[in-house]
Amino acid sequence: PFSEPSRPDIPGLDDFDGDVFHSAQWDHDWSPTGKRVAVIGTGASAVQFVPQMQPQVAHLTLFQRTPTWILPHPDRPISQRVRTMFARVPATQRALRGACSLVQEMMVPGLVSHPALLKPAAALGRWHLRRQVADETLRAELTPTYSFGCKRPTFSNRYYPALTAPNAAVVSEAIVGVRAEGIETADGRVHEVDTILLGTGFKLAAGEGFSRIHGADGRSLSQVWGNGEMKAYRGTSVAGFPNLFMILGPNSVVYTSQVVTIEAQVDYLIDALKTMRRRGIRSFDVTQSAQARFVNEVDKGLEDSVWNTGGCSSYYLSPSGRNFTFWPGYVFTFRRAMKHVNWDDFDVRTGVSHRHGASPTREAVFG
């Protein structure tokens, strides 16, 4: 899902005289030294590259539409002593990893069903902002007005200090267009810059790759998912697309790590392929009714989630407001759901293909 950069539709952007590029398409020949740089976007990408760049530029202007919840970054160097312990007693590393996962899993009730449980995390974010930003006006601009977790929270110990530096400024006025010399905002001001960096995310539902995948009726995934309304079965299969497997498809995201989702889906895929080989299955296609049932269950499970009720607009939601991103539960429930293929939910065809001179047979239910 995070492969095709989303370039904002800002009038005049193509007429800018300076450099323009997306953070996912970084121009490695470009140097920030001495440049007047504009950054559009305040998500996870900007939180990472702004502190790296700010000390080198002549001036940095961050154009912010919506502030981001930022927590202290917990990463730290791991000493040689601890590394030696992990190598000699691998159980200690597994235990620490398990403890980290447990802490993240403890956030699931707050994220999925009881957002009030996330108030301590919001308090930590406000404390982190207060201790790093002394200017009350700037602090107010950087304070989110939506619930913690509604948009993707980020972790950084350097982002706020970069924005308080003498050569940095935060602009919350809406961008109305780009001129040859800079960016014009709704207050009539033109901010003269040499470079515009776009930290504006990705085309999750409108990726060009979806137009290349066609189903049994000839329609592409882009056509089936018209206007960004992505729906699938267990985030892996799509009705009308036989033998299609997706990784990180709709409603497969768990809150600990996407590696967990990927591993569970790969295990699910392998289970399906082994069964296909063993039982001579030529193709299988999730039924419309099974997919609709899954989508309804997911929608019901997420209706009280912070992503749906937190008062923000995020890439987690489709244009209609449907949450097409998250799994409504814990990691262990996702792993359990993906342990084996439920063949009752698929229209199965067995036999060899037509090119080998035989007609396939269809099984309504495969046990």
Problem - Min side-chain heavy-atom separation Lys151-Tyr146 under 4.5 Å - result: yes
Practice task
For Arg278, look at atom CZ and say whether over 12 heavy atoms of other residues, nucleotides or ligands are found less than 6.0 Å away.
Solution key: yes
Handout entry: Test: Asp15 and Arg179 ion pair at under 4.0 Å
Key = no
Exercise for the section: For Arg97, look at atom CZ and say whether over 12 heavy atoms of other residues, nucleotides or ligands are found less than 6.0 Å away. Expected result: no
Problem - Donor on one side chain, acceptor on other, Glu303 and Asn308, under 3.5 Å - result: no
Handout entry: Residue pair Ser147 / Trp69, side-chain heavy-atom distance below 4.5 Å
Key = no
Exercise for the section: State whether the number of non-hydrogen atoms from other residues, nucleotides or ligands found under 6.0 Å of Arg152 atom CZ is greater than 12. Expected result: no
Exercise for the section: May I ask you to check whether His214 and Phe241 place their ring centers less than 6.0 Å from one another? Expected result: no
Problem - Side-chain ion pair, Asp194 and Arg36, N-O less than 4.0 Å - result: yes
Handout entry: Tyr255/Phe334 aromatic ring centres below 6.0 Å
Key = no
Practice task
Indicate whether the side chain of Glu229 and that of Ser318 have a donor and an acceptor atom separated by less than 3.5 Å.
Solution key: yes
Exercise for the section: Would you indicate whether His114, at its atom NE2, is surrounded by more than 12 heavy atoms from other residues, nucleotides or ligands within a distance under 6.0 Å? Expected result: no
Problem - salt_bridge(Arg189, Glu173) N-O dist < 4.0 Å - result: no
Problem - 4.5 Å side-chain heavy-atom contact, Val82 and Met85 - result: yes
Problem - Asp299/Lys231 ion pair, N-O < 4.0 Å - result: no
Handout entry: Co-members of the apolar cluster containing Val50 [side chain, <4.5 Å]
Key = Phe21, Trp26, Trp30, Val37, Val39, Val47, Phe49, Met53, Val57, Leu60, Leu62, Ile70, Leu129, Val133, Leu138, Leu142, Tyr159, Tyr160, Leu163, Val170, Leu197
Handout entry: Backbone of Asn157 reached by a side-chain donor or acceptor of Gln132 within 3.5 Å
Key = yes
Problem - Val112-Phe332 co-clustered via ILVMFWY side chain contacts under 4.5 Å - result: yes
Handout entry: Aromatic ring pairing Tyr316/Trp307, orientation class (parallel under 30°, perpendicular over 60°, tilted between)
Key = perpendicular
Problem - Phe155 side chain reached by Pro74 side chain, heavy atoms, under 4.5 Å - result: yes
Practice task
Quick one: list whatever passes salt bridge (charged side-chain N to carboxylate O under 4.0 Å, His left out) with Asp285, sequence neighbours left out.
Solution key: none
Completion exercise
Looking only at heavy atoms, the pair that brings Phe148 and Ala121 closest together is CE2-CB, 3.5 Å
Exercise for the section: Compare all side-chain heavy atoms of Ser305 with those of Leu111 and state whether any distance is below 4.5 angstrom. Expected result: no
Practice task
Starting at OG of Ser237, measure out to CD of Gln265 and round the result to the nearest 0.5 Å.
Solution key: 9.5 Å
Practice task
Check whether any side-chain heavy atom of Pro115 sits under 4.5 Å from a side-chain heavy atom of Thr309, and report yes or no.
Solution key: yes
Practice task
To the nearest 0.5 angstrom, please state how far the OG atom of Ser211 sits from the CD atom of Gln223.
Solution key: 9.0 Å
Completion exercise
Sorted by chain and number, sequence neighbours left out, side-chain hydrogen bond (donor to acceptor under 3.5 Å, both in side chains) with Arg158 holds for Gln52
Handout entry: Greater than 12 external heavy atoms within 6.0 Å of Glu208's CD
Key = yes
Practice task
Could you state whether Tyr330 and Leu248 fall into the same hydrophobic cluster, counting links through intermediate Ile, Leu, Val, Met, Phe, Trp or Tyr residues with side-chain heavy atoms under 4.5 angstrom apart?
Solution key: no
Problem - Note, Val298 side chain near Arg322 side chain (heavy atom, < 4.5 Å) - result: yes
